[in-house]
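What follows is a single structure, and I will ask about it in a moment.
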Amino acid sequence: MTTSSENDKEPETMPRLIRRSIAVAVVSIAISMFVSAVPAAQAAPVNCVNQTHQGACYEFVWVHGVEVRMTFPQAGTPLPHIPNAKVQNFYVIAPQTATPQGDIPPIHDHTIQAAPGDRGWTPFMHGYFVLCSEKGLTSGCVATPTDFPGFGILPLAKSVNGEPLTSAETIEAGIVAGLLDVFDTGAVFIGTVSPAR
């Protein structure tokens, strides 16, 4: 037979044990979730050229003559429609150095109009191929014939009037002068910019 004091202890001990067990389980789950999330959070995006899975990746781009790293957080997924979003041009050009930014066919580089902090900066990009025009091919535009699957061989522009195409200003001046043409790829995407290396 149990005494009254033993009966009083039992009801207090069981709820305390249950609460302690629940607390231990919650802490264990939280720790396991944190530990499993850490490697994923620390995993840096890979170069888009070397990407083996759908997800974020990066490529280098030119802006104002400086090479920077652009990360594409949604690589491989369609961009949601954002009405009235400000969009900047993302130019695909012939390689500007011995190390192309896109080193699998088609070999190419990229130039954007603005970086964070510039007037005109937006992370929304619209892709264009920059080509030497017929006029440009005879006076001032250097082209690299480049095979783009689905588009054929295009005269991808490398320079105009001796100037590299590492700034949007040079590209846009070449367009105004009739030495360059742009071909709308139809690609619209998001990209964020950080220092190159």
Side-chain angles (χ1 to χ4, degrees), residues 45-65 67-82 85-114 120 122-193:
V46 298
N47 188 305
C48 297
V49 170
N50 304 321
Q51 189 174 27
T52 59
H53 63 284
Q54 187 173 353
C57 65
Y58 72 88
E59 286 194 27
F60 295 104
V61 301
W62 297 102
V63 61
H64 308 306
E67 194 172 43
V68 296
R69 185 170 123 161
M70 178 166 278
T71 301
F72 304 98
Q74 80 299 336
T77 59
L79 182 65
H81 176 68
I82 302 168
K86 183 178 172 182
V87 177
Q88 70 166 304
N89 294 341
F90 180 93
Y91 296 116
V92 177
I93 57 175
Q96 301 295 293
T97 67
T99 307
Q101 295 167 341
D103 63 355
I104 58 172
I107 308 298
H108 62 280
D109 273 12
H110 322 89
T111 300
I112 60 173
Q113 290 179 303
T122 176
F124 299 104
M125 310 285 162
H126 188 129
Y128 295 91
F129 295 143
V130 179
L131 311 173
C132 290
S133 67
E134 285 187 40
K135 175 183 175 182
L137 287 170
T138 60
S139 60
C141 185
V142 175
T144 301
T146 307
D147 189 6
F148 281 86
F151 297 100
I153 296 177
L154 302 176
L156 203 58
K158 183 173 181 65
S159 66
V160 66
N161 292 329
E163 295 292 320
L165 302 180
T166 58
S167 75
E169 293 81 7
T170 302
I171 293 169
E172 290 160 0
I175 294 167
V176 169
L179 302 175
L180 298 174
D181 284 330
V182 291
F183 179 84
D184 187 347
T185 67
V188 179
F189 48 90
I190 297 174
T192 59
V193 172

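Counting from 1, the numbers follow the sequence of the chain as shown.
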Closest non-hydrogen atom pair, Asp147 against Pro106: O-CB, 3.5 Å
Cation-pi check, Arg69 onto Phe60 ring (under 6.0 Å, within 45° of axis): no
Ring pair (Phe, Tyr, Trp, His ring centres under 6.0 Å) partners of Phe151, counting only residues at least two apart: Phe129, Phe183
Cys57 vs Thr71 side-chain heavy atoms within contact, under 4.5 Å: no
Side chain to side chain, Trp62 and Ile112, heavy atoms closer than 4.5 Å: no
Verdict with supporting geometry, His110 and Glu59, side chain to side chain donor-acceptor pair (under 3.5 Å): CA-CA 9 Å; His110 322 89; Glu59 286 194 27; 2.8 Å; yes
Donor-acceptor contacts under 3.5 Å from residues 157-170 side chains, at least two apart:
{"residue": "Lys158", "atom": "NZ", "partner": "Pro95", "partner atom": "O", "Å": "2.6"}
{"residue": "Ser167", "atom": "OG", "partner": "Thr170", "partner atom": "N", "Å": "3.3"}
{"residue": "Ser167", "atom": "OG", "partner": "Thr170", "partner atom": "OG1", "Å": "3.0"}

Test item: His108 and Asp103 side chains (from C-beta on) under 4.5 Å apart, heavy atoms: no
Check: Leu131 and Leu180 side chains under 4.5 Å, non-hydrogen atoms: no
Pairwise distance CG(Leu179) to OG(Ser133) - rounded to 0.5 angstrom: 5.5 Å
Side chain to side chain contact (heavy atoms under 4.5 Å, CB included) assessment of Glu67 paired with Gln96: CA-CA 10 Å; Glu67 194 172 43; Gln96 301 295 293; over 6 Å; no
Side chain Gln88, main chain Lys86, donor-acceptor under 3.5 Å: no
Check: Thr146 and Leu154 side chains under 4.5 Å, non-hydrogen atoms: no
Nearest atoms (heavy-atom pairs only) where Cys48 meets Phe72: SG-CD1, 3.8 Å
Gln113 and Thr122, any side-chain heavy atoms less than 4.5 Å apart: no
Donor-acceptor pair between Asp184 and His126 side chains, under 3.5 angstrom: yes
Nearest non-hydrogen partners of Pro73 and Ile190, listed with the distance: CD-O, 3.7 Å
Note, Phe90 side chain near Val61 side chain (heavy atom, < 4.5 Å): yes
Main-chain N/O of Lys135 paired with Thr138 side-chain donor or acceptor, under 3.5 Å: yes
Short side-chain to backbone donor-acceptor contact, Thr111 and Tyr91, under 3.5 Å: no
Backbone N/O of Gln101 and side chain of Asp109: donor-acceptor pair under 3.5 Å: yes
Side-chain touch Val182/Ile175, heavy atoms, less than 4.5 angstrom: yes
